[in-house]
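Just so it is clear, the model here is predicted, and its values are computed rather than measured. No hydrogens, no waters, no symmetry mates; every other heavy atom, side chains included, goes into these values.
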Amino acid sequence: QVQLVESGGGLVQAGGSLRLSCAASGRTFSTYAMGWFRQPPGKEREFVAAISWSGIATYYADSVKGRFTISRDNAKNTVYLQMNSLKPEDTAAYYCAAGTTTRQSINAYDYWGQGTQVTASS
């Protein structure tokens, strides 16, 4: 199994940047695809980005393409989400997740972190 802990959220002005980190436990971290999801207040959790176990393949929601970058460092058991040009609509609780396949569906992921809040104000 994998245990995940997100960090790096906060309050920023629109147009600013944040880098989220997700620290994973377990020797098998590198065998998991990783995803980032977000859940705005009062809305369903939605896909943001995903990265394959190798780090070669990446996927992004249309709403964040060109602004967000997902990456991973398997040696550090950590996945990152670099968020640039933040918009008020990016405000949400952000969650990292681990699964055996690289997918956009919430149901494809087996393990979830506790979430970290990102607020972009205008």
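Between Pro88 and Ala14, the shortest heavy-atom contact is CD-CB, 4.1 Å. Nearest heavy-atom pair across Ser21 and Thr78 is CB-CG2, 4.3 Å. Annotation for Ala120 and Leu86: closest pair CB-CB, 4.0 Å, computed over non-hydrogen atoms. For the residue pair Met34 and Cys22, the shortest heavy atom distance occurs at CE-SG, 4.3 Å. Closest heavy-atom contact between Ala49 and Leu81: CB-CD1, 4.2 Å. Residues Gln117 and Thr91 approach most closely at NE2-CG2, 3.9 Å, considering heavy atoms.
For Phe37 and Tyr109, the ring centers are positioned less than 6.0 Å apart.
Distance check, rounded to the nearest 0.5 Å: SG of Cys96 to CD1 of Ile70 gives 9.0 Å. Between atom OG1 of residue Thr58 and atom CZ of residue Arg72 there is a gap of 12.0 Å, rounded to the nearest 0.5 Å. Within the model, atoms OH of Tyr95 and CG of Leu4 stand 13.0 Å from one another, a figure rounded to the nearest 0.5 Å. A distance of 7.5 Å separates OG1 of Thr116 from CH2 of Trp36, quoted to the nearest 0.5 Å.
Looking at Arg45 and Trp112, their side chains come closer than 4.5 Å, going by heavy atoms from C-beta outward. Considering only heavy atoms from C-beta on, Met83 stays 4.5 Å or farther from Arg67 through its side chain. Between Arg38 and Ser63, some side-chain heavy-atom pair lies under the 4.5 Å cut-off.
Annotation: side-chain hydrogen bond (donor to acceptor under 3.5 Å, both in side chains) contacts of Ser54 (sequence neighbours excluded): Ser52. Here Thr69 pairs with Tyr60, Gln82 under the side chain to side chain contact (heavy atoms under 4.5 Å, CB included) rule; sequence neighbours left out. Partners of Asn107 under the side-chain hydrogen bond (donor to acceptor under 3.5 Å, both in side chains) rule, at least two apart in sequence or in another chain, do not exist in this structure.
Judged by distance alone, with hydrogens and angles left aside, the side-chain atoms of Gln114 form no donor-acceptor pair with the main-chain N or O of Val5 at under 3.5 Å.
Arg103 and Ser105 share no side-chain donor-acceptor pair at under 3.5 Å.
At a threshold of 4.0 Å, the pair Lys87-Asp90 does not count as salt-bridged, since none of the basic side-chain nitrogens sits closer than that to a carboxylate oxygen.
Hydrophobic cluster membership differs between Tyr111 and Tyr80, with clusters built from Ile, Leu, Val, Met, Phe, Trp and Tyr side chains linked at under 4.5 angstrom. Residues Val64 and Phe47 are members of separate hydrophobic clusters, defined by side-chain heavy-atom contacts under 4.5 angstrom among Ile, Leu, Val, Met, Phe, Trp and Tyr.
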### Message
Apply side chain to side chain contact (heavy atoms under 4.5 Å, CB included) to residues Ile106 and Glu46 and explain how you reach the verdict.
### Response
CA-CA 8 Å; Ile106 293 173; Glu46 64 183 22; over 6 Å; no
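Ring geometry for Tyr94 versus Phe68: interplanar angle of 30 to 60°, hence tilted.
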